[in-house]
2 protein chains.
Amino acid sequence: MNKEKRERLEKAGFKLGSVQEFLQLTNEETAYVEVKLALAKTLSEQRKKSHFTQLSLAKKIHSSQSRVAKMEAGDPSVSLDLIVHALFAMGCTPRQLGSALAGA
Amino acid sequence: MNKEKRERLEKAGFKLGSVQEFLQLTNEETAYVEVKLALAKTLSEQRKKSHFTQLSLAKKIHSSQSRVAKMEAGDPSVSLDLIVHALFAMGCTPRQLGSALAGA
DNA sequence: TCAGAATATGTCAATTTTGACATTATGTCA
DNA sequence: TGACATAATGTCAAAATTGACATATTCTGA
């Protein structure tokens, strides 16, 4: 959108900048959540494939069963870092992470 | 390795479990760092491609120039979450993240 | 060579994430 | 059914991450 059109619209009362920003933020947030959920799902699958319980995985990465449950649920309180660490502990390769993300 | 062999080796003084654990932890850490650096590099490239300065990117994601510099350096004090958020702000798709990781 | 823009580095209070724990829910098998 | 393993949910103090700031360094034209 060019400057003139923006100025016309904003003069007409449209808070266009902030709407755009809002939409962009929600899109970013959507993408972030999708990535988190894709990794969470991969972790759950990989853990079961490796015949680990949430508790045994927790021990392996020096965490707790409840936190592993939250990882696999994609809970807002867990970081991507934690999920990624867990995935590597379950034997995933960076390439596998890449595949998981491609499907997000 | 089976239980008997492990017990023989441990009786002989090998702290096998912990050595294995140590090696595994360092491998996990290596993979994690590789992933972080791959994303950091992608962010730096994508930012330049989008003609943003570290400062303008910082504004866009409500962060600061210094933190963006640390993101692009893969500094230990920045989380994957922050880098991923920045990547999405620069217009990356989850699929692009996947490609970046595949090359890690 | 200089000035200004861009980037890097160090620090810190405030916010967020963490492991741990308690408890509840859901399977699962005899 | 009931005992037991596994998984889900809520809470919280401790630990890690964050934006902000100050400052230093590097880059880039003129």
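Below, chains carry the letters A, B, ... as their sequence lines are ordered, and counting in each starts from 1. Keep in mind that this is a model prediction, so the values were computed, not measured.
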(request) Let me have a per-nucleotide readout for nucleotides 24-30 of chain D, 5' to 3', with B, S or -, counting only protein heavy atoms under 4.0 Å. (result) -------

Could I get a table of every N or O pair under 3.5 Å where one atom is in the protein and the other is in nucleotides 7-10 of chain C?
{"unit_1": "C:dT7", "atom_1": "OP1", "unit_2": "B:R47", "atom_2": "NH1", "d": "2.9"}
{"unit_1": "C:dT7", "atom_1": "OP1", "unit_2": "B:R47", "atom_2": "NH2", "d": "3.3"}
{"unit_1": "C:dT7", "atom_1": "OP2", "unit_2": "B:Q54", "atom_2": "N", "d": "2.8"}
{"unit_1": "C:dA8", "atom_1": "OP2", "unit_2": "B:Q54", "atom_2": "NE2", "d": "2.5"}
{"unit_1": "C:dA8", "atom_1": "N7", "unit_2": "B:Q65", "atom_2": "NE2", "d": "2.9"}
{"unit_1": "C:dA8", "atom_1": "N6", "unit_2": "B:Q65", "atom_2": "OE1", "d": "2.9"}
{"unit_1": "C:dG10", "atom_1": "N7", "unit_2": "B:K70", "atom_2": "NZ", "d": "3.3"}
{"unit_1": "C:dG10", "atom_1": "O6", "unit_2": "B:K70", "atom_2": "NZ", "d": "3.0"}

(request) Can you tell me the distance, in whole Å, between the CG atom of B:D75 and the C1' atom of D:dA20? (result) 16 Å

(request) Mind calculating the distance between CD (A:E45) and C1' (D:dA7) to the nearest angstrom? (result) 17 Å

(message) Can you tell me how far apart CD (A:Q54) and CD (A:Q65) are? Round to the nearest 0.5 Å.
(response) 5.0 Å

(message) Please report the interatomic distance CG(B:L43) to CE(B:M71), rounded to the nearest 0.5 Å.
(response) 7.0 Å

(request) Please state how far atom NE2 in B:H85 lies from atom P in D:dT17, giving the value in whole angstrom units. (result) 15 Å

(message) Can you see if the side chain of B:S79 gets near the phosphate of D:dA16 - specifically, an N or O under 4.0 Å from OP1 or OP2?
(response) no

(request) Please work out if B:S63 contacts a base, only the sugar-phosphate, or nothing of the nucleic acid, heavy-atom cut-off 4.0 Å. (result) sugar-phosphate

(request) Ignoring hydrogens and angles, tell me if any N or O in the side chain of B:S56 forms a donor-acceptor pair with the backbone of B:F52 under 3.5 Å. (result) no

(request) Measure from the side-chain N and O atoms of A:Q96 to the backbone N and O of A:T93, and report whether any donor-acceptor pair falls under 3.5 Å. (result) yes

(request) Give the minimum heavy-atom separation between A:M90 and A:K60, together with the two atoms involved. (result) CE-CD, 3.9 Å

(message) Output the rounded distance in Å from CG (A:D81) to P (C:dG19).
(response) 11 Å

(message) Closer than 3.5 angstrom, by distance alone: can the side chain of A:S44 be matched with the main-chain N or O of A:A40 as a donor-acceptor pair?
(response) no

(request) Please round to 10 degrees the angle between the axis of the first five pairs and the axis of the last five pairs in the helix from C:dT1-D:dA30 to C:dA30-D:dT1. (result) 60°

